[in-house]
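Worksheet for the structure shown next.
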Amino acid sequence: MEELRAAAAKVRENAYAPYSKFKVGAALRAGSGAVYVGCNVENVAYPEGTCAEAGAIAAMVAAGETRLTGAYVIAGSPMPVTPCGGCRQKLAEFGQADMPVVMATTGGVEEQCTLAELLPGAFGAAHMEG
Ligand SMILES: O=c1ccn([C@H]2C[C@H](O)[C@@H](CO)O2)c(=O)[nH]1
Ligand SMILES: [Zn+2]
């Protein structure tokens, strides 16, 4: 997780957040062991902005990986930032229910939980089986 923390903190510096001024960095561990990163990218048309987690997932999939084994999210907030609802669903697309998600502040506060704790009762492929 230390490698993920360093990667997330580094990419956070590149976040483009002129509107919220809230920079977020995310780092993912994929099945191969490789780390993929993303930062939030806002837009003057506010709903077009994208979250750090979404950017990291896009990088992972673009690199040809679809198995996610861990996530680390960091922001400069007083309390650890938690992934938004949409990102919880996006993470659940590629990670298992027991996958660890660490949420952190740049000040060194860390909280860890699982994907299932973040998204209980997640909608999944099983719901679509007829
Ligand atoms: O987990 C989170 C929470 C928020 N944001 C971004 C979206 C927006 O750019 C800014 C404020 O919500 O933070 C993320 O990237 N990830
Ligand atoms: Zn999000």
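These numbers come from the heavy atoms of this one structure, side chains and all, not from hydrogens, waters or symmetry mates. Remember, it's 1-based here, ligands and their atoms both numbered in the order they're listed.
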Taking only heavy atoms of Thr82, which atoms of ligand 1 are found under 4.0 Å from at least one of them?
-> 1 (O)
Protein heavy atom under 4.0 Å of atom 12 (O) of ligand 1 = no
Look only at interatomic distance and state if Asn40 has a nitrogen or oxygen under 3.5 Å from any nitrogen or oxygen of ligand 1.
-> yes
For Thr50 and Ala54, indicate whether the former's side chain and the latter's backbone hold a donor-acceptor pair under 3.5 Å.
-> no
Numbered atoms and elements of ligand 1 in range of Val81, under 4.0 angstrom, heavy atoms = 1 (O), 2 (C), 3 (C)
State whether the side chain of Ser77 and the backbone N or O of Pro80 hold a donor-acceptor pair below 3.5 Å, judged by distance alone.
-> no
Atom indices of ligand 1, in the order listed, that fall short of 4.0 Å to a heavy atom of Pro83 = 1 (O)
Going by heavy-atom distance to atom 16 (N) of ligand 1, choose the closest among Lys21, Glu53, Glu42, Lys23.
-> Glu53
Do the side chain of Thr105 and the main chain of Pro78 share a donor and acceptor less than 3.5 angstrom apart?
-> no
Output the list of atoms in ligand 1 that are nearer than 4.0 Å to some heavy atom of Val24, sorted by atom number.
-> 5 (N), 6 (C), 13 (O), 14 (C), 15 (O), 16 (N)
Any heavy atom of Cys87 sitting closer than 4.0 Å to ligand 1?
-> no
Taking the Zn ion (ligand 2) as the apex, Cys84 SG and Cys51 SG span an angle, rounded to 10°, of 120°
Look only at interatomic distance and state if Ala52 has a nitrogen or oxygen under 3.5 Å from any nitrogen or oxygen of ligand 1.
-> yes
Can you measure from SG (Cys39) to CD1 (Ile74) and round to the nearest 0.5 angstrom?
-> 13.5 Å
Please state whether the rings of Tyr16 and Tyr19 are parallel, tilted or perpendicular, taking 30° and 60° as the class boundaries.
-> perpendicular
Heavy atoms of Asn40 and Val24 approach each other most closely as OD1-N, 2.9 Å
Heavy atoms only: give me the nearest Gly31-Glu65 pair and the separation to one decimal.
-> N-OE1, 3.4 Å
Closest heavy-atom pair and its distance - Ala71, Met99 | CB-CE, 4.0 Å
May I ask you to list the atoms of ligand 1 that are less than 4.0 angstrom from any heavy atom of Ser20?
-> 10 (C), 11 (C)
